[in-house]
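Below: the structure, in structure tokens.
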Amino acid sequence: MAQSEESSFRTTIRSHALGELGKKHEGAQVTLCGWVDRRRDHGSLIFVDLRDRYGIAQIVLDLACHPGLEKQGASTIRIEEILKVQGKVRLRDAESVRKENPTGEVEVEVSDLVFLARVPQDVKNLPVPTGTSADVDAKKGKETDEEVRMQFRYLDLRRPSLQQRIMLRHRICSAFRSWFDSRGFVDVETPFLTKSTPEGSRDYLVPSRIHPGHFYALPQSPQLFKQLLMVGGFDRYYQIVRCFRDEDLRKDRQPEFTQLDLEMTFVTEEDVLREVEGAVEAACHAAASVLEPSEPARAKGLRAVKAPFRRITFQEALLKYGSDKPDLRFALEIVDVTAECAKAEGFLKEAATATRTLPGGKAALGGAARALRVPESAEKFSRKDLDSLASVVSDKGIKGVAWLKVVGEKGAKGKDRAQTSLGKLATDELVEALLAAVGGVKGDLVLLIANQKERTAAEAMGLVRLHVAEKLGLREKEPARMEFVWAVEFPLFCEDPNREGGYAPESHPFTDPRPEDMDKLESDPLLVRSRHYDLVLNGTELGSGSVRIHTPELQKRIFGILGLSEEVQKRRFGFLLSAFRYGAPPHGGIALGVDRFCAMLSKTPSIRDVIAFPKTNRATDPMTDAPSIAEAEQLGELHIQACSPPPPKP
RNA sequence: GGGGCGGUAGCUCAAUUGGUUAGAGUACCGGACUGUCGAUCCGGUGGUUGCGGGUUCGAGUCCCGUCCGCCUCGCCA
């Protein structure tokens, strides 16, 4: 009997949630609460779609059968008002069943109506469309201006699509928590009022009232604290934690964002990777469960995520995909054709055989040529398309992309074999050599880049690869596909752009060098590989981590190579170095971008869509009007004053 | 800090070469209607064209400045 089954959503005020209603409730007397999503008014017969977080159900107000409803205001119901109704669940006629709605087999015949909240008369219009209509509009390209949506975020949050993304995020985080809990990790909170951490972006500062002229920094990450937790003996730590960075924003960057942060003791790379793979798999499967009813195809893609993930070395990723975060949803592998081009004439040869001087005075072969075979695509790229590739690589300082269309079978010569932008440089020998290298056959397009710096050539071709894939629709060909990959064996150092001949950490200065490269630390720092790893999904970096240095001797040695004076070391990281002197265990960890992860699993391009209260591109919140001007009195108490007066607000 | 696009009714958009009283859909208000599902039909309210200045007989439209939003480079793991 329907009534005997109590809903887990029952409260003092309601008997059921709207979304749970179905055939099994036929005949049940129910009390429901929700927002008016839509209203279809036939005069003495009114249909209302009532909405809550669990779904939408149709309630029927039949004024002829229930004359009392008229007095209760049935014909004055407006969109987004909050109703409480009592009534009886009944099955719909066969022809009025709505299969697309989980509650579409039933409706509720209302006998009693109460307004829990009315939209007052002076509010003529809601400032933004909300509920289902907002989602329908958005799907048709009629999305409301994001600034207004943020100003009235509490209304925007009523949209089913936004609620679902926020709930998906909750599921993902729950899955993370239960995974790490079951694996013996301890959730430890770390300070927000702290000291600048070594990530190297700008800090948000908090003035101290008690200490004039002194400031806390909000953490860019809990990096140092989690390492100190390892020193403190908490050998498995994790936290889903807010981080703060005062840099310019993008659709995938907010001033405050969330990381899944973890650190482990007595581990190598393998141990960390295995835990994270398990957590990510669990989170994807949890997301799949949420999406199963509404989006079975994507759920299937998430269900297919399986640990262990692929691994690729930095070197291989750069060679084959021109990026340290390769998108592996499609093939299109880049080929090194430096040797072939070195035999050619003109700029190809010059680029491929150029030498450069490394810091320390060593000469190295720096130049390189890269080729990309785009199968069966000679016809798909017009002259204009090919010319426009130049703008793809211009940021890398490369003027253009050479191309070659294979028009003839092997044995054909000159123009009968290939059309090409190389002109006279394209001797039959070079063409055959290139085609042999890339495996090009009739109908293929082959793209070619040469540059005096190998990394530039490689990365430029990486951009071309993505551009070509985009144009051919390869990136989103299977929207459900999830290609996770670990990039490993990153270089420990890169050339410091700010200090001629100096070195900067490729990630951060606590990364452990690979033992087999230790002998090159001072002699050939750029060739030293690190124990750093990145987790990459579909060409987006989701997180990075490393096995850390755990002896003060090595840590000081690295600081030395980075050119940090004893004084700077002591001031910035003194407490870490001190801690290490009391015995730090070998340890390593990782941090994952939770907002980005949730955005990707939600198939939304912006992390603002998975954050309940996000900020604009200029780090403001139109709803609270933060940041705002502080009173002189308050500033005085904090021993600070603004050096430029704030502009008057419009 | 640089570049691009945009800002017109509550919301989404239109407005010819600078030319009549700035239109439409939706929402809202009023009316009709018992099986709808973005209900339908009829009528109506609603505008400092982001802001400031300029050119012009005349500016939503052209010019200068400025503010805001989004995308992006720099920056940022």
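What's counted below: heavy atoms across the whole structure, side chains too, no hydrogens, waters or symmetry copies.
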In whole Å, measure the gap between the C1' atoms of B:U48 and B:U36 for me. 42 Å
Picking from B:C11, B:G38, B:A77, the nucleotide nearest the side-chain atoms of A:P129 would be B:C11
For residues 55-70 of chain A, the side chain to side chain donor-acceptor pair (under 3.5 Å) pairs (sequence neighbours left out) are A:R40-A:Q58, A:Q58-A:E107, A:H66-A:E109, A:E70-A:S75
Could you tell me whether the side chain of A:R92 has a donor or acceptor atom within less than 3.5 Å of a complementary atom in the base of B:C37?
-> yes
Would you confirm whether A:N125, through its side chain, and A:P127, through its main-chain N or O, come within 3.5 Å as a donor-acceptor pair? no
Given B:U34, is OP1 or OP2 found less than 4.0 Å from the side-chain N or O atoms of A:S44? yes
Legend entry - Main-chain N/O of A:T103 paired with A:N101 side-chain donor or acceptor, under 3.5 Å: yes
Checklist line | B:C62 and B:U16, which share atom name P, separated by this distance in whole Å | finding: 10 Å
It should be established whether A:T620 places a side-chain nitrogen or oxygen under 4.0 Å from OP1 or OP2 of nucleotide B:G69. yes
Review item, nucleotides 24-28 of chain B N/O atoms under 3.5 Å of protein N/O:
unit_1, atom_1, unit_2, atom_2, d
B:A27, O2', A:N125, OD1, 3.1
B:A27, N3, A:N125, OD1, 3.0
B:C28, O4', A:K124, O, 3.4
B:C28, O4', A:N125, OD1, 3.1

_With the six-membered base ring of B:A39 as reference, does the ring of A:H42 sit under 5.5 Å away with planes under 30° apart?_
yes
Next on the checklist: Ignoring hydrogens and geometry beyond distance, is the side chain of A:R618 in donor-acceptor contact with the base of B:G1 at under 3.5 Å?
Outcome noted: no
Polar pair under 3.5 Å, donor/acceptor by atom type, side chain A:E143, base B:U12:
no
For the side chain of A:R98 and the base of B:C37, is some donor closer than 3.5 Å to an acceptor across the two? yes
Between the side-chain atoms of A:R245 and the base atoms of B:C76, is any donor-acceptor pair under 3.5 Å? no
Determine whether any donor atom in the side chain of A:R608 lies under 3.5 Å from an acceptor atom in the base of B:G69, or the reverse, and answer yes or no.
no
Quick one: does A:R51's side chain have a donor or acceptor within less than 3.5 Å of a partner on A:W35's backbone? no
Taking atom P in both B:C51 and B:G60, compute the distance separating them and give it to the nearest angstrom.
-> 11 Å
Please write out the pairs of protein N or O atoms and N or O atoms of nucleotides 47-50 of chain B separated by less than 3.5 Å, giving the distance to one decimal.
none

Query raised in the report: If only atom types and distance count, is the side chain of A:S546 paired as donor or acceptor with the main-chain N or O of A:T511 below 3.5 Å?
Result: no
